[in-house]
Number of protein chains: 2
Amino acid sequence: MYTIGQISEMFQIPASTLRYYDREGLFPEMERTGGIRRFGEREVEALRVIECLKASGLEIRDIKQFMAWCVEGPSTYGLRRQLFETRKKAVEEELRQLNKTLDMLNFKCWYYDTAIADGSEDKLNAMLPDKLPPKMQKLYDSCHSKE
Amino acid sequence: MYTIGQISEMFQIPASTLRYYDREGLFPEMERTGGIRRFGEREVEALRVIECLKASGLEIRDIKQFMAWCVEGPSTYGLRRQLFETRKKAVEEELRQLNKTLDMLNFKCWYYDTAIADGSEDKLNAMLPDKLPPKMQKLYDSCHSKE
DNA sequence: CTAAAACTTAAAGTTAACTTTAAGTCAAGC
DNA sequence: GCTTGACTTAAAGTTAACTTTAAGTTTTAG
């Protein structure tokens, strides 16, 4: 069993944030001795799940719902499974979006490398809509196609 | 040239958000006729860059700085290049993190599939620290190694 | 037994990125 | 010329996720 200070150290999360999570119902079965929180294996695993669900873009209130399902027992396995499936879809979509962002950043890096080499953006602007080097044309098109 | 309503439609961004961006200095050279904003090609491209930099995790105040550099001219090519390089690093790191998150989500999907098939988590908990199927062991380890 | 460190609470404060409101101005069609 | 829809502003409001504060309690070390 750990104190809030030990968990704070272990996960590099401020104790105030852990208390906030507790207040929000993210550790529904946490024990206490003399008013002081005792984090057990259950809470440590909960915190790993919290970090995962947060990273997937889920809000605190929905993480609370998940934790409530865990307390409810086997009857909520389906709901929990469905939640993780939905989060997977969201993360996969976010990965696609981030890869597009990376394409644009790579294009911009090349763009400024070229502008620096040329001393101005004039040459670049002359080739701009569709006379770029093939490698760059792909990146450019993927960022400038239909909004 | 476009009105704010046309750009709002085009990018699916509320007009109030576009006005907010303008107030924050994200369109430093935008023209007006009779008080009304006219978005030209410069602003359309700026908006694409804004969306890219935002998606990379950059804050509005720093996007404003970038736009100011663009107005300053060729002397800031180096700074702009550096910004995109830094953003690339940040996005690459975010991609790594998101892939780890995806690993955990995949593990949890398998976990609940198994729990549903078994009717309880008992079998699962018995194999839990290190007796999982090899495929799952990898995912599990990557989410439970040292905090 | 006592002092200090670590814990507790409720309530107020912070921050970023918008969003809404209220009151008014501009532009297009009839 | 007038109505209507789209635009304008400044200022206040919203939301999520914390963070800080102030006052007090519990645990630990000597």
Side-chain angles (χ1 to χ4, degrees), chain A residues 1-40 43-44 46-68 87 90 94 97 101, chain B residues 1-40 43-44 46-68 87 90 94 97 101:
Chain A
M1 295 285 252
Y2 307 98
T3 66
I4 202 169
Q6 291 169 321
I7 294 288
S8 167
E9 175 78 2
M10 200 182 274
F11 281 83
Q12 290 292 294
I13 294 174
S16 65
T17 302
L18 296 171
R19 291 198 189 95
Y20 163 69
Y21 287 169
D22 188 24
R23 248 191 339 271
E24 294 299 308
L26 267 43
F27 304 113
E29 304 192 288
M30 187 152 53
E31 291 168 30
R32 293 191 181 218
T33 62
I36 286 167
R37 294 175 182 82
R38 316 310 310 276
F39 290 74
E43 281 71 33
V44 169
L47 206 37
R48 279 193 281 255
V49 174
I50 289 165
E51 299 222 292
C52 170
L53 291 175
K54 253 173 60 75
S56 84
L58 202 67
E59 295 181 10
I60 300 292
R61 76 161 71 83
D62 296 317
I63 300 178
K64 172 187 179 162
Q65 173 66 267
F66 171 79
M67 294 304 171
R87 288 297 90 204
E94 176 70 3
Q97 167 57 44
T101 298
Chain B
M1 296 286 251
Y2 308 98
T3 65
I4 202 168
Q6 291 168 321
I7 295 287
S8 167
E9 175 79 3
M10 200 182 274
F11 281 83
Q12 290 292 294
I13 294 174
S16 64
T17 302
L18 296 171
R19 290 197 191 94
Y20 164 69
Y21 287 169
D22 188 24
R23 244 188 347 268
E24 294 299 307
L26 268 41
F27 303 112
E29 304 192 288
M30 188 154 52
E31 292 170 30
R32 295 194 179 216
T33 62
I36 286 167
R37 293 175 183 83
R38 315 310 309 276
F39 289 74
E43 282 71 35
V44 170
L47 206 37
R48 279 193 281 254
V49 174
I50 288 166
E51 299 223 291
C52 170
L53 290 176
K54 254 174 58 76
S56 85
L58 202 66
E59 295 181 10
I60 301 292
R61 77 160 70 82
D62 296 316
I63 300 177
K64 171 186 180 163
Q65 174 65 267
F66 171 79
M67 294 303 171
R87 289 296 89 206
E94 176 70 4
Q97 167 58 44
T101 298

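Note on naming: letters A, B, ... go to the chains in the order of the sequence lines (proteins, then strands), and numbering restarts at 1 for each one. Because the structure is a prediction, the values reported are computed rather than measured.
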Tell me every residue that passes salt bridge (Lys or Arg N to Asp or Glu O under 4.0 Å) with B/Glu31, counting only those two or more places apart in sequence or in another chain. none
Here the distance between atom P of C/dA10 and atom CD of A/Glu24, to the nearest Å, is 13 Å
Taken in chain and number order and not counting sequence neighbours, the residues that satisfy salt bridge (Lys or Arg N to Asp or Glu O under 4.0 Å) with B/Glu59 are B/Arg61
Spacing between B/Phe39 atom CZ and D/dA6 atom P, to the nearest angstrom: 16 Å
note: B/Asp22, atom CG; D/dA10, atom P; distance rounded to Å ~ 11 Å
Mind calculating the distance between CD (A/Glu9) and C1' (C/dC7) to the nearest angstrom? 16 Å
Residue A/Arg19, side-chain atoms from C-beta onward, closest of C/dT8, D/dT9, D/dC7: C/dT8
Of all pairs that satisfy ring pair (Phe, Tyr, Trp, His ring centres under 6.0 Å), the ones with a partner from residues 12-31 of chain B, not counting sequence neighbours: B/Phe27-B/Phe39
Side chain to side chain donor-acceptor pair (under 3.5 Å) with B/Gln65: which residues, sequence neighbours excluded? B/Trp69
Euclidean distance, atom CZ of residue B/Arg32 to atom C1' of D/dT8 [Å, nearest integer]: 8 Å
With a non-hydrogen cut-off below 4.0 angstrom, is A/Arg37 in contact with a base, only sugar-phosphate, or nothing? sugar-phosphate
How long is the gap from CD on A/Glu43 to CE on A/Met67, to the nearest 0.5 Å? 9.5 Å
Taken to the nearest whole Å, CG/B/Leu18 to P/D/dT9 is 12 Å
In the 5'-to-3' direction, what one-character label does each nucleotide of nucleotides 17-30 of chain C receive under the scheme B = base within less than 4.0 Å of a protein heavy atom, S = sugar-phosphate only, - = no such atom? BBBB-----SS---
By salt bridge (Lys or Arg N to Asp or Glu O under 4.0 Å), B/Asp62 pairs with (sequence neighbours left out) none
